[in-house]
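Take a look at the structure below.
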There are 2 protein chains.
Amino acid sequence: MNNKEKLRNAGLRPTKQRMIIANILLNGVNRHFTAENLQNEINSSGNSMSIATIYNCLKKFRNCGLIKQVESSKETAIFDTNIDQHHHFLDEETGELIDIENEEINLFKLPEIPRGYMNSGVEVLIKLKKQT
Amino acid sequence: MNNKEKLRNAGLRPTKQRMIIANILLNGVNRHFTAENLQNEINSSGNSMSIATIYNCLKKFRNCGLIKQVESSKETAIFDTNIDQHHHFLDEETGELIDIENEEINLFKLPEIPRGYMNSGVEVLIKLKKQT
DNA sequence: CAAGTAGTTTAGAACGGTTTTAAAGTAAAA
DNA sequence: TTTTACTTTAAAACCGTTCTAAACTACTTG
């Protein structure tokens with residue numbers, strides 16, 4: 001399925017701007033990025049786009065499940081093109097994230113989900129520091 | 001050990017402001033809170049404190065290990081008086097966090113830590129949504 | 001195809017949480 | 001007591017993100 005179809009399937013109009021972003025992000029190579037990273041990439045490809053549009057687009061993509069947003073206490077929002085359930089290493093010094101495939105972690109025992117709620121995803125974060 | 005001693009042990013001068021905050025936070029009852037939550041609490045106890053001081057103090061407390069900061073993609077920083085390794089439920093709608101004791105989750109298999117790094121803490125986040 | 005309409009993009013302003021600044025104040029050391 | 005280093009403060013600055021409202025564009029309907 002091409003990116004135009006992906007957008008349509010997600011209920012999004014394939015505008016020029018969304019196609020530029022989809023072509024950068026949805027090429028099968030997983031990555032982490034911020035809105036600013038993406039704007040730099042758009043600029044250096046000879047295009048340009050308002051930062052507001054980039055945020056709008058990332059929010060729409062996220063709400064449609066085309067990308068994910070990572071839970072991280074960094075000041076800037078970090079997005080992830082890997083939408084499968086998976087986990088992360090976090091380099092606490094640099095903030096860099098490294099993917100951990102779901103199968104690499106085995107959660108043997110989980111607590112009872114509070115009444116009235118359902119589990120909507122489990123994320124494991126392994127914090128790293130430089131070896132001394 | 002009283003709070004004055006805790007501050008001294010952590011290498012922090014027990015100033016009036018730090019004592020006010022320590023007395024609120026370090027009373028053995030675990031909780032999550034933001035800088036603003038804390039300021040409201042200080043105000044309603046008849047004291048007052050600059051928001052800059054509150055941030056300074058929370059950062060120092062965190063760096064000394066007296067409190068933790070939670071990994072969360074909320075826009076405001078969330079702190080936690082529970083400094084033991086533990087995990088969280090996250091209500092995705094409200095952002096509310098609920099503690100999960102370390103023993104309630106059993107991580108059966110962990111991935112290999114990247115070369116040159118060491119594991120400095122594992123946090124599991126179980127995202128919750130309202131049952132339909 | 002033309003006209004209408006609903007959705008989208010934009011620059012710039014506004015926002016909100018956090019950090020910086022620089023001056024005044026305080027704790028500890030000498 | 002005097003000195004020194006650290007701390008607090010209000011206000012300004014900062015920075016990532018969202019809002020505004022006007023211009024624009026994709027799609028629908030005739």
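A, B, ... follow the sequence lines: proteins, then strands. Residue 1 opens every chain.
B:Leu110 is connected to A:Ile98 through a chain of hydrophobic side-chain contacts under 4.5 Å among Ile, Leu, Val, Met, Phe, Trp and Tyr, so both are in one cluster.
Atom CD in B:Gln39 sits roughly 11 Å away from atom P in C:dG17 (whole-Å rounding). Rounded to an integer number of Å, the gap from A:Lys74 NZ to D:dC15 C1' is 13 Å. Protein atom CD of B:Glu75 is 9 Å distant from nucleotide atom C1' of C:dG17, rounded to whole Å. In this structure, the CZ atom of A:Arg18 is 13 Å from the C1' atom of D:dC27, given to the nearest Å. The CD1-P distance, from B:Ile51 to C:dT20, rounds to 15 Å in whole Å. Protein atom CD1 of A:Ile20 is 12 Å distant from nucleotide atom C1' of C:dT9, rounded to whole Å. One atom, CG of B:Leu12, and another, P of D:dA5, lie 19 Å apart when rounded to the nearest Å. As a whole-Å value, the separation of A:Ile78 CD1 from D:dC15 C1' is 15 Å.
Within residues 57-71 of chain B, the residues that have a heavy atom under 4.0 Å from DNA chain D are, in order of number, B:Lys60.
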Using atom names, set out every protein N or O paired with an N or O of nucleotides 25-30 of chain C below 3.5 Å, distance rounded to 0.1 Å.
from: C:dA28; atom 1: OP1; to: B:Arg8; atom 2: NH1; distance (Å): 2.8

Identify every side-chain donor-acceptor pair in residues 122-132 of chain B under 3.5 Å, counting partners at least two apart or on other chains, and give the distances.
from: B:Glu123; atom 1: OE2; to: A:Lys127; atom 2: NZ; distance (Å): 2.8
from: B:Lys127; atom 1: NZ; to: A:Glu123; atom 2: OE2; distance (Å): 2.8

Kindly list each side-chain donor-acceptor pair under 3.5 angstrom involving residues 57-67 of chain A, sequence neighbours excluded, with atom names and distances?
from: A:Arg62; atom 1: NH1; to: A:Gln69; atom 2: OE1; distance (Å): 2.4
from: A:Asn63; atom 1: ND2; to: A:Lys59; atom 2: O; distance (Å): 3.3

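In the model, B:Asn102 has no side-chain atom that pairs as donor or acceptor with a side-chain atom of B:His86 under 3.5 Å.
A sub-4.0 Å separation between OP1 or OP2 of C:dT9 and a side-chain N or O of A:Ser50 is absent. When the side-chain nitrogen and oxygen atoms of B:Gln17 are compared with OP1 and OP2 of D:dT9, one or more of them lie within a distance under 4.0 Å.
Residue A:Asn56 places its side chain closer to C:dT10 than to any other of C:dT10, D:dT8, D:dG16. In this structure, of C:dT10, D:dT8, D:dA11, it is D:dA11 that holds the atom nearest to the side chain of B:Ala52.
Under a cut-off of 6.0 angstrom, the local environment of CD in A:Glu112 is sparse, with at most 12 non-hydrogen atoms contributed by other residues, nucleotides or ligands.
Ring orientation note: the planes of B:Phe108 and A:Phe108 are close to parallel, at an angle under 30° on the 30°/60° scale.
A donor-acceptor pair under 3.5 Å links the side-chain atoms of A:Asn23 to the main chain of A:Met19, judged by distance alone.
For residues 16-37 of chain A, the set of pairs meeting the salt bridge (Lys or Arg N to Asp or Glu O under 4.0 Å) definition, not counting sequence neighbours, comprises A:Arg31-A:Glu41.
A:Val29 belongs to no multi-residue hydrophobic cluster, having no ILVMFWY side-chain contact under 4.5 Å with any other such residue.
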